[in-house]
Amino acid sequence: MEKVSRKIDMVDLVGQYDKIKHEVDAAISEVINSSKFINGPEVKMFQAELEEYLGVKHVIPCANGTDALQIAVMAANLVPGDEVITPNFTFAATVEVVAFLGITPVFVDVDPNTFNMDIAALEKAITPKTKAIIPVHLFGQCADMEPIIAIAKKHNLLIIEDTAQAIGSTYTFSDGSKKKSGTMGQIGTTSFFPSKNLGCYGDGGALFTNDDDLAQKCRMIANHGQRVQYSYEILGINSRLDSIQAAVLRVKLKHLDKYTKARQAVAAYYDNAFQGHSKIKTPGRHPNSDHVFHQYTLTLNGVDRAKLKEALAARDIPAMIYYPSPLHSQKAYLNERSMNTEFPVTEHLCAHVLSLPMHTELDEATLSYITETVLELVK
Ligand SMILES: *Cc1c(COP(=O)(O)O)cnc(C)c1O
């Protein structure tokens with residue numbers, strides 16, 4: 001098989017930049033020339049454009065996706081002893097901010113097909129102390145929000161959606177109505193980390209809400225607890241999206257739908273290549289969500305994953321394990337609740353998943369090289 005000339009990366013931000021260089025460079029230059037680096041007009045314009053794109057009333061920009069989660073949890077008025085339910089199979093930030101604020105993270109197992117929060121496990125985890133649910137739209141696909149919203153309503157729980165990996169994905173409810181990820185619960189949070197589907201050239205994040213009071217509270221928390229300058233009404237933090245990042249995001253938001261289509265085309269190529277393979281399970285799709293493929297994640301069966309990863313690397317094909325260990329067993333997050341719970345699906349996934357290169361610049365020659373190599377190595 002033909003080896004491709006260009007280096008294969010998990011994410012190719014250089015190739016992506018090459019195509020929008022003139023737009024991005026001009027936008028960055030404008031900020032530098034104005035020297036309005038903090039709270040410049042680009043931040044407000046990006047905010048308005050993202051509100052329009054998502055169909056949400058308020059976007060509150062902040063410094064990164066972890067801060068967005070922290071601000072959301074701070075805005076929820078929780079006290080130590082309260083419980084917040086999160087999936088066990090996710091990036092640690094979701095859990096970290098909950099534990100950091102002295103609130104108890106309660107983990108639930110995930111669905112082996114979609115990798116998202118298991119609805120039966122969620123219901124079982126609810127106690128009188130439960131105050132909020134943080135569904136994570138993992139790898140680019142919405143968690144099953146209709147039943148999650150019904151459960152939250154029944155138990156009077158707040159929903160904070162972590163859509164750091166799924167910006168732009170859409171969920172369809174049984175009445176046919178559609179909503180963008182991050183706009184279905186009371187608060188949504190996202191990250192603009194460079195490798196995310198909508199990434200800037202540094203750190204960035206945002207919160208989304210349709211609730212005016214929550215929006216104001218999140219804005220205040222992100223700005224030292226101030227509504228009026230030098231008047232500190234509540235405890236806050238300092239968390240800003242800077243103007244240069246907002247300028248880059250304004251350019252990239254215009255291309256987001258095209259980038260999503262490029263990712264979906266890569267996923268379709270992989271799906272087709274691995275279809276029906278006895279040892280390679282392609283990522284499952286939930287019928288009510290589309291998938292924006294932040295990651296394309298295989299579940300291997302009867303394959304020595306470490307050996308495969310090494311053999312791929314020797315052929316210049318990177319592959320990554322998202323995520324290698326369940327959060328409940330991490331030393332920093334150990335608690336009694338999770339020590340007494342079993343997470344067979346998360347445990348299985350952590351031992352068997354492998355993510356392949358996924359980005360907006362993969363061409364057919366590269367995809368053919370990657371898939372043929374995988375198929376040759378997994379007999
Ligand atoms: C990336 C990510 C975050 C954190 O975002 P940062 O901008 O890196 O702080 C939170 N949750 C999930 C699911 C993520 O993938």
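Excluded from the calculations below are hydrogen atoms, water molecules and symmetry mates; all remaining heavy atoms, backbone and side chain alike, are included. This chain uses plain numbering: 1 for the first residue, then up along the sequence. Each ligand, and each atom within it, is numbered from 1 in the order the structure gives.
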Protein contact of [atom] - nearest heavy atom, named by residue and atom, plus distance:
atom	value
atom 15 (O) of ligand 1	Q165 NE2, 2.8 Å
atom 9 (O) of ligand 1	T66 OG1, 2.5 Å
atom 14 (C) of ligand 1	K196 NZ, 3.1 Å

(request) Under 4.0 Å from a heavy atom of N64: give me the atoms of ligand 1 that qualify, with their elements. (result)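 In order of numbering, the contacting atoms are 7 (O), 9 (O).
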(request) Please assess F208 against K180 for the test side-chain contact (heavy atoms from CB on, under 4.5 Å), listing each intermediate value before the final yes or no. (result) CA-CA 11 Å; F208 319 136; K180 283 268 198 297; over 6 Å; no
(request) Closest by any non-hydrogen atom to atom 12 (C) of ligand 1: pick that one out of D162, T189, V95. (result)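 Closest candidate by heavy-atom distance is D162.
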(request) Compare A68, S191, P87 and give the one whose heavy atom is closest to atom 5 (O) of ligand 1. (result)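 Selected option, by shortest heavy-atom distance: S191.
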(message) Using a 4.0 Å heavy-atom cut-off, which part of V136 comes near ligand 1: side chain, backbone, both, or neither?
(response)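 The answer is the side chain of V136.
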Do the ring planes of [X] and [Y] sit parallel (below 30°), tilted (30 to 60°) or perpendicular (above 60°)?
X	Y	result
H291	F293	parallel
F274	Y270	parallel
F192	F46	perpendicular
F139	Y323	parallel

(message) Looking at D212 and K57, is any side-chain nitrogen of the basic one under 4.0 Å from a carboxylate oxygen of the acidic one?
(response)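 Salt bridge: yes.
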(message) What I want to know is whether A164 and ligand 1 share at least one N or O pair that is separated by under 3.5 angstrom.
(response)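 No; the residue has no nitrogen or oxygen that sits under 3.5 Å from a nitrogen or oxygen of the ligand.
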